[in-house]
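Take this structure first; my questions come after.
Indexing begins at 1, ligand by ligand and atom by atom, following the structure's order.
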Amino acid sequence: MECFIVQPEDVAGETLLLRDEEAHHAIRSLRLRSGDALLATNLIGTCYRCLLSDDDRDATWASCSIQEILPEFGEPAREVLLIQGFISQPARWEFLIEKATELGVRTIAPVITEHTERAHYKADRSERILRAAVKQTKRARKPGIRLSGLGEFTTLETALVEASKEDRSIFLLHEAAQGNSVGLTERVATLPDSKAIAVVVGPEGGFSDEEVARAAGEYGAQIISLGPRRLRAETAAIAALAIVIE
Ligand code: SAH
């Protein structure tokens, strides 16, 4: 059963309306017909199991009858924020946000750190990748990208302050820390599902010693190693998310 995106305002009673490219995808690309089953996600926490009921000949809309409402469908029990030193290579950044979406992350905060390289953030491309990943993964939520009020990257410091205010357990991944991934597994296992967490990963250039010390000293971050090998930032983030999200 394929998954499509529905605008929350297009759900009314027992009917929902797919529009534009979502309708086109269903009617023209997948050639769904009346009576065919499909899943719709509103990206903010609800999926709907539906049957296609009608469409216009131009596939600009498709109406569906809702068979079952599925709150939090495909969503993990634990709410996870990824604070990620911005990865300047677009392909690597886009790979990471796609995998983080598949793995169930709730929010991604790209941050400026001492060693991040200046790069232009392509918000519309990232949005397209997130939406496609939500459909492929069949989730009720699209991960939020946490930016400043001006729509720019925040700093590592700001993201840590926010994470503390949200009473998250904070795990900062650092290649120079002792131990291995068992450490992260064991620490997360002690937390109730209701405890939100933040996973903090550095950019290609890694964290400075001051950043690590401050995260631990000021924000109680637990400094975690994933083992002796030096991982690429996106690898470390994906491995950590796979460990902390059930
Ligand atoms: N510049 C560093 C490597 C940075 S790798 C160097 O050259 O040594 C980018 C990020 O991935 C790091 O900041 C860290 O958050 C994470 N990372 C890489 N390998 C890791 C490991 N073995 N354990 C924990 N985190 C790791």
Requested in this report: Indicate yes or no: does Glu234 engage Arg92 in a salt bridge with an N to O separation below 4.0 Å.
Outcome: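 Result for this pair is yes, salt bridge flagged.
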Query raised in the report: Nearest protein heavy-atom contact for atom 8 (O) of ligand 1: which residue, which atom, what distance?
Result: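 Of the protein heavy atoms, Arg230 CD, 3.4 Å lies nearest.
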**Report entry** Identity of the nearest option to atom 9 (C) of ligand 1, non-hydrogen atoms only, from Pro203, Ala236, Gly205
**Finding:**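 Checking each option, the heavy atom nearest atom 9 (C) of ligand 1 is found in Pro203.
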Query raised in the report: Counting heavy atoms only, which of Val201, Ile223, Thr113, Leu226 is nearest atom 24 (C) of ligand 1?
Result: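 Minimum heavy-atom distance to atom 24 (C) of ligand 1 goes to Leu226.
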Query raised in the report: Hey, is Ala237 touching ligand 1 through its side chain, its backbone, both or neither, going by heavy atoms under 4.0 Å?
Result: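 Neither; no heavy atom under 4.0 Å.
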Query raised in the report: Would you say Cys3 and Leu38 make side-chain contact, with heavy atoms under 4.5 Å?
Result: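 No - every pair of side-chain heavy atoms lies 4.5 Å or more apart.
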Report task. Identify the two heavy atoms, one from Val201 and one from Ala233, that lie closest to each other, and give their separation to 0.1 Å. Result ->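 Where Val201 meets Ala233 most closely, the heavy atoms are CG1-O, 3.6 Å.
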Query raised in the report: How close does the nearest protein non-hydrogen atom get to atom 14 (C) of ligand 1, and which residue and atom is it?
Result: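 Answer, as residue, atom name and distance: Leu173 O, 3.3 Å.
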Report task. Could you state whether Phe73 and Ile69 fall into the same hydrophobic cluster, counting links through intermediate Ile, Leu, Val, Met, Phe, Trp or Tyr residues with side-chain heavy atoms under 4.5 angstrom apart? Result ->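 No, Phe73 does not connect to Ile69 through the hydrophobic network.
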Requested in this report: Test Lys135 against every option in Glu22, Glu98, Glu2, Glu21 by the salt bridge (Lys or Arg N to Asp or Glu O under 4.0 Å) rule and name the one that passes.
Outcome: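 The option that passes is Glu22.
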Query raised in the report: For ligand 1, which atoms, with element, lie under 4.0 Å from some heavy atom of Gly227?
Result: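 So the atoms of ligand 1 that pass are 21 (C), 22 (N).
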Query raised in the report: Is the closest side-chain heavy-atom distance between Ile27 and Arg33 below 4.5 Å?
Result: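 Heavy-atom side-chain distance check passes, below 4.5 Å.
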Query raised in the report: Would you say Arg28 has more than 12 foreign heavy atoms packed within less than 6.0 Å of its CZ?
Result: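 Yes - once you tally the heavy atoms of other residues, nucleotides and ligands closer than 6.0 Å, there are more than 12.
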Query raised in the report: For atom 18 (C) of ligand 1, what is the nearest protein heavy atom, given as residue, atom name and distance?
Result: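 Going by distance alone, atom 18 (C) of ligand 1 is nearest to Leu231 O, 3.1 Å.
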Requested in this report: Apply side-chain contact (heavy atoms from CB on, under 4.5 Å) to Leu172 and Ile224, showing your working.
Outcome: CA-CA 6 Å; Leu172 184 140; Ile224 298 286; over 6 Å; no
Requested in this report: Would you mind listing which atoms of ligand 1 come within a distance below 4.0 Å of any non-hydrogen atom of Ile224?
Outcome: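 Those of ligand 1 that fall under 4.0 Å from Ile224 are 24 (C).
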Query raised in the report: Which residue and non-hydrogen atom of the protein lie closest to atom 20 (C) of ligand 1, and at what distance in Å?
Result: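 Of the protein heavy atoms, Glu175 CB, 3.6 Å lies nearest.
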Query raised in the report: Which ligand 1 atoms, with their elements, are less than 4.0 angstrom from a heavy-atom of Glu204?
Result: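 Atoms satisfying the 4.0 Å criterion: 1 (N), 4 (C).
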Requested in this report: Could you establish whether His115 and ligand 1 come within less than 4.0 Å of each other, counting only heavy atoms on the residue side?
Outcome: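 Contact absent.
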Query raised in the report: Would the Phe4 and His25 ring centres measure less than 6.0 Å apart?
Result: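 Yes - the distance between ring centres of Phe4 and His25 falls below the 6.0 Å cut-off.
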Query raised in the report: Can you tell me which residue and heavy atom of the protein come closest to atom 10 (C) of ligand 1, and the distance to 0.1 Å?
Result: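 Checked against all protein heavy atoms, atom 10 (C) of ligand 1 sits closest to Gly202 O, 3.5 Å.
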**Report entry** side-chain contact (heavy atoms from CB on, under 4.5 Å) partner of Tyr219, the single match among Val200, Val161, Leu156
**Finding:**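 Of all the options given, the one that passes is Val161.
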Query raised in the report: Can you check whether Pro228 has an N/O within less than 3.5 Å of an N/O in ligand 1?
Result: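 Not met; the criterion fails.
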Query raised in the report: Between Arg229 and ligand 1, which residue portion shows a heavy-atom distance shorter than 4.0 Å: side chain, backbone, both, or neither?
Result: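 Backbone only.
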Query - Test item, Thr235 contacting ligand 1 (heavy atom, 4.0 angstrom) - result: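 Distance cut 4.0 Å: Thr235 fails for ligand 1.
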